[in-house]
Amino acid sequence: MKVAKKLVTGLLGAALVSFSAATLAHAEEDVPKLTKEEMQKASRIFFDRCAGCHGMLRKGATGPALTPEALKKKGLNIPAIEAFIYNGTPGGMPDWGKQGVLTKDEIHLLAKFLLNPPPPPPLLTWKQINDSWKLYVPLEKRPKKAANPHWKNFFGVILRDVGKVAIIDGTTKKLLNIVNTGFAVHILRTSKSGRYMYSIGRDGKATVIDLWMKKPDKVAEVKVCYDARSIDTSKYEGYEDKYAVVGCYWPPAFVILDGKTLKPITRHATSDYYYDTKDFVREARVASIVASHYDPLWVLNIKEAGQVWLVDYANVDKGTISIDMIDAERYLHDGGWDLSKRYFLVAANMRNKVVVIDTKEKKLEAIVKVGTKPHPGRGANIDHPKYGPIWCTGHIGENRIACIGTDPEKHPQYAWKVVKWIEMPGVGGGNLFVKTNPNSKWLLADRPLNPDKNLQRSIFVFDKNTFELVKTLKVPSDIPGRAVHEEYNKDGSEFWISVWGRKDQPTAILIYDDKTLQLKNVIKGDWVRTPTGKFNVYNTMKDIY
Ligand code: DHE
């Protein structure tokens, strides 16, 4: 397999040698003692709760570095570290103790663990990946046509902490199936045709669900990493439904799979050099991925390196992929297309910037200064009467939404500038997702990470043209949990909100009428546990947000 532009093979070995040397040197220092069992338990807690933001090697990304050296430099001892873990921070660190997610003993263990050098994380061999591949339903046994006429209005709903995905008919609101997908599924995406829905879990397991089956179910799965957050598919003409690509957090890599069977095809390391300092970063993880509709191209965001990779998959079958590597900003996280789908906008969340990539010219178009810790999800696209097409993002670190002009041709005076700051009521940020739909008059925003319980359970509805707050929707008082992630149905006539609670308590999915903003359905049941992201088939296949 040849990689044009830059060969990434060979970096892993070098990095591991320097990593082990650093670990050994540190091991001799005086650190809190942990038994083998305690070390394993603490590693597991760290992986489940902390590694996403701070990195497996604890060098920092969305969250600060947590190496023993970094903690000591800040003068943090065990009680101080415990206080951070228990209370969280206004910058967006969850209050794991207050929420009741971690016990005092677990927090104490974690604090001691953090003063020890990070244990070397395991690698995954190509053989292990291939051995994990399971094809449950071969192509010839799959339906020739869709069993359900509403299939494009199905919703996939992540039931995060129970490791499942619910498939719900968006037209009848009936639960069609609950599919076992693995630990803490993070996102769902669909193939270009929409027939296949893919999940990627925090355990690096990719699953493909065939929505044409009478009871939609998984038809294949494969574990391609130990930790992952992103997956997408080939959406360019002639390649529809042909490939899937997974972005791994650990080992840092991307893996290309057959789109219909998930048979592994190839993988490449993403360990690289920071775009600015040019120093090596072993843990350069793949954050968001989008698929171009206009080229055989995936946009991969290499978080720590601060680079956007444009991966051309046209010749994967011939053993070649070419990658354009664009220096951008740190640390790249989530993002989405502008209305024209030429420009990709992604949050560089620790530098409070949004990076704009022109996928047609394959270059960096702009870097826009926004607020503290932008977190767009995929963002929200509005065709505004004055500003033309704009793209909006909320922030974890403050209570404003920033809307950026995205049309340099017809509205050059607004392009790549924040044309509107929308202020949300109440103190502090905590917004994770904004959303709209071309057929809706509203821009929706959640606040699940805000420390205020009232704000956590609210969805703010703004007028898309005037940007005024029209209504604040509240989770009904008998349903425990926070309001998170908005998704529209196929025709944009209703939107769905998850109530994200604890694993031991069922919650609900709320469905609002888009015209009246009245709660029209509540999907409940013992199975509704820790719902997070929801993905309508039509909107996901067309990238409508
Ligand atoms: Fe996410 C998107 C990473 C915490 C729910 N999340 C993403 C993406 C990335 C990411 C890279 C973009 C994927 C893409 O578009 O290809 N998320 C991370 C983290 O590293 C982080 C901060 C910490 C972690 O340990 O995972 C994190 N995310 C969360 C949560 O706590 C949420 C609310 C619940 C959960 O599953 O853990 C959460 N993230 C989501 C959802 C999306 C997402 C629902 C997809 C949004 C969309 O509309 O596409």
Side-chain angles (χ1 to χ4, degrees), residues 45-56 60-63 91-94 96 99 101 155-163 165 181 183-190 198-203 227-233 244-250 254 283 285-291 298-304 331-337 344-347 349-350 373 375-380 393-394 396 430-436 444 446-449 456 481-488 495-498 500-501 530-536 539-540 543-545:
I45 300 172
F46 183 83
F47 173 73
D48 289 353
R49 304 290 169 195
C50 322
C53 294
H54 301 278
M56 288 276 240
T62 310
M93 155 122 180
W96 296 118
Q99 275 185 51
V101 174
F155 282 69
V157 179
I158 295 171
L159 304 172
R160 185 190 181 284
D161 290 4
V162 291
V165 169
T181 43
F183 174 64
V185 167
H186 209 84
I187 67 163
L188 305 179
R189 295 289 185 249
T190 65
Y198 300 79
S199 75
I200 185 71
R202 208 168 272 241
D203 55 0
D227 192 9
R229 298 290 182 282
S230 52
I231 189 162
D232 214 332
T233 60
V245 60
V246 174
C248 299
Y249 264 21
W250 192 269
F254 67 92
E283 197 168 5
R285 303 176 288 177
V286 183
S288 45
I289 302 180
V290 287
W298 289 307
V299 182
L300 264 67
N301 294 280
I302 315 301
K303 185 192 276 280
E304 283 78 3
Y331 292 109
L332 300 173
H333 194 70
D334 49 352
W337 293 109
F344 173 70
L345 294 97
V346 56
N349 55 18
M350 293 317 285
K373 263 201 198 173
H375 193 281
R378 283 168 290 171
T393 177
I396 293 179
N431 165 253
L432 282 183
F433 302 107
V434 288
K435 188 61 65 72
T436 188
L444 310 172
D446 63 10
R447 296 284 270 288
L449 295 191
Q456 284 168 10
R482 310 168 184 217
V484 72
H485 198 253
E486 318 84 357
E487 176 64 312
Y488 278 86
F495 57 87
W496 295 28
I497 308 291
S498 301
W500 184 22
T530 60
T532 52
K534 303 156 299 305
F535 301 83
N536 175 268
N539 293 332
T540 310
D543 288 307
I544 296 172
Y545 33 79

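Residues: numbered from 1 along the sequence shown. Ligands are counted one by one from 1 in listed order, and the atoms in each one are counted from 1 as well.
At a 4.0 Å heavy-atom cut-off, ligand 1 does not touch Ile231 at all. Looking at Tyr545 against ligand 1, nothing comes within 4.0 Å, counting heavy atoms. Proximity of Arg202 to ligand 1, defined as any heavy-atom pair under 4.0 Å, is confined to the side chain (atoms from C-beta onward).
Side-chain contact between Arg49 and Val101 is present, with heavy atoms from C-beta onward closer than 4.5 Å. Using a 4.5 Å heavy-atom threshold, the side chains of Val157 and Pro531 count as touching. Using a 4.5 Å heavy-atom cutoff, the side chains of Ile158 and Leu188 are in contact. Put simply, the side chain of Tyr545 does not reach to within 4.5 Å of the side chain of Asn539, judged on heavy atoms. Taking the side chain as every heavy atom from C-beta outward, Phe46 and Asp48 never approach each other to under 4.5 Å. Between Arg202 and Asp227, the closest side-chain pair of non-hydrogen atoms falls below 4.5 Å.
When hydrogens are left out, the protein atom nearest atom 41 (C) of ligand 1 is Phe433 CZ, 3.4 Å; that is the closest non-hydrogen contact. In this structure, atom 8 (C) of ligand 1 lies nearest to the protein heavy atom Asp334 CB, 4.2 Å. Ranking protein heavy atoms by distance to atom 4 (C) of ligand 1, first place goes to His186 CE1, 3.9 Å. Of the protein's non-hydrogen atoms, the one nearest atom 36 (O) of ligand 1 is Arg160 NE, 3.1 Å. Scanning the protein for heavy atoms near atom 2 (C) of ligand 1, the closest one is Ile187 CG2, 3.7 Å. Atom 32 (C) of ligand 1 has its closest protein heavy atom at Trp500 CH2, 4.1 Å. Of the protein's non-hydrogen atoms, the one nearest atom 20 (O) of ligand 1 is Tyr249 OH, 2.7 Å. The protein heavy-atom contact nearest to atom 47 (C) of ligand 1 is Arg378 NE, 3.3 Å.
Proximity of the aromatic rings of Phe495 and His485 is defined here by a centroid distance below 6.0 angstrom, and this criterion is not met.
Checked by atom type and distance alone, the side chain of His333 never pairs as donor or acceptor with a backbone atom of Ala347 at under 3.5 Å. At least one donor-acceptor pair closer than 3.5 Å links the side chain of Thr530 to the backbone N or O of Asp161. Not a single donor-acceptor pair under 3.5 Å links the side chain of Thr540 to the backbone N or O of Thr190. Side-chain N or O atoms of Asn431 include none that pairs as donor or acceptor with a backbone N or O of Ile396 at under 3.5 Å.
Counting atoms of ligand 1 from 1 in the listed order, those under 4.0 Å from a heavy atom of Leu432 are 33 (C). Taking a cut-off of under 4.0 Å to the non-hydrogen atoms of Ala287, the atoms of ligand 1 that pass are 11 (C). Close contacts of ligand 1 with His333, meaning ligand atoms under 4.0 Å from a residue heavy atom, involve 3 (C), 10 (C), 18 (C), 19 (C), 20 (O), 22 (C). Interface of Gly533 with ligand 1, defined as ligand atoms under 4.0 Å from a residue heavy atom, comprises 44 (C). Short contacts between ligand 1 and Cys53, defined as distances under 4.0 Å to a heavy atom of the residue, involve ligand atoms 22 (C), 23 (C).
An N or O contact shorter than 3.5 Å links His485 to ligand 1 by distance. Taking only nitrogen or oxygen atoms, main chain and side chain alike, Ser288 does not reach within less than 3.5 Å of ligand 1. Of the N or O atoms in Arg49, none lie within a sub-3.5 Å distance of an N or O in ligand 1. In terms of polar-atom proximity, Thr532 is not counted as a contact of ligand 1, lacking any N or O under 3.5 Å from an N or O of the ligand. Residue-to-ligand polar distances place Ile289 within reach of ligand 1: an N/O pair is separated by less than 3.5 Å. Between Arg229 and ligand 1, a contact under 3.5 Å exists for at least one N or O pair. Between Lys303 and ligand 1, no N or O atom pair is found at a separation short of 3.5 Å. Checking only distances, Arg189 does come within under 3.5 Å of ligand 1, N or O to N or O.
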Stepwise, does the side-chain hydrogen bond (donor to acceptor under 3.5 Å, both in side chains) test hold for Ser288 with Asp334? CA-CA 5 Å; Ser288 45; Asp334 49 352; over 6 Å; no
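Between Trp496 and Phe155, the ring planes are parallel. Angles under 30° get that label, and only those over 60° would be called perpendicular.
Under a cutoff of 6.0 Å and an axis angle of 45°, Arg285 and Tyr249 form a cation-pi pair.
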